[in-house]
Q: 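Here you go, one structure.
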Amino acid sequence: MPEDKRAHRFIPLEREDYFYPGGRSDAYTVIEINMMAGRKEQTQKSLIKSLFSKIECELSIAPIDIEITIKEQQPYQWGFRGMTGDEARDLKYRVSV
């Protein structure tokens, strides 16, 4: 994904407002990724495994403390720049990979 096409939202919670699964540390982090449908299973699995690896290497957060969910929606269910995703013809990245 191009740098200018990434949107990040961080929702911090106070410890008393967050329910940790058993066996997790204070570093427990949930990552939800919303994307248009089209990426192959292997592409999505590679993304998940890459995130586990990079987060552990760069932030010292063990994979046990990371939960990743990919949520896919059909391109017609995305709306941006006054059109739906299936109408966009000028994307600078590929969805079907």
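For the numbers below, each heavy atom of this structure counts, side chains included, while hydrogens, waters and symmetry mates do not. In this text the structure is predicted, and so the values were computed from the model without any measurement.
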Q: Mind checking what makes side chain to side chain donor-acceptor pair (under 3.5 Å) contact with Asp26, not counting sequence neighbours?
A: Arg15

Q: Give a yes or no on this: more than 12 heavy atoms of other residues, nucleotides or ligands lie within 6.0 Å of atom CD of Glu16.
A: yes

Q: Restricting to side chain to side chain contact (heavy atoms under 4.5 Å, CB included), what partner residues turn up for Thr43, sequence neighbours left out?
A: Arg39, Lys40, Val97

Q: How would you list all residue pairs meeting salt bridge (Lys or Arg N to Asp or Glu O under 4.0 Å) that involve residues 61-87, not counting sequence neighbours?
A: Glu32-Lys71, Arg81-Asp90

Q: Could you list the residues that satisfy side chain to side chain contact (heavy atoms under 4.5 Å, CB included) with Ile64, not counting sequence neighbours?
A: Arg24, Ala62

Q: Which Ile, Leu, Val, Met, Phe, Trp or Tyr residues join Phe10 in one cluster when any pair of side-chain heavy atoms under 4.5 Å counts as a link?
A: none

Q: Using the test side chain to side chain contact (heavy atoms under 4.5 Å, CB included), find all partners of Phe80 that sit at least two apart in sequence or belong to another chain.
A: Met36, Trp78, Ala88, Leu91

Q: With clusters built from Ile, Leu, Val, Met, Phe, Trp and Tyr whose side-chain heavy atoms come within less than 4.5 Å, directly or transitively, what are the remaining members of the cluster of Ile55, listed by chain and number?
A: Ile31, Ile33, Met35, Leu47, Ile48, Leu51, Phe52, Leu59, Ile61, Ile66, Ile68, Ile70

Q: Apply ring-ring contact (aromatic ring centres under 6.0 Å, His included) to Tyr76 and list each qualifying residue two or more places apart in sequence or on a separate chain.
A: none

Q: Which residues pass the side chain to side chain contact (heavy atoms under 4.5 Å, CB included) test with Ser46, sequence neighbours left out?
A: Gln42

Q: Looking at CG of Leu13 and OH of Tyr28, how far apart are the two atoms once the value is rounded to the nearest 0.5 Å?
A: 11.5 Å

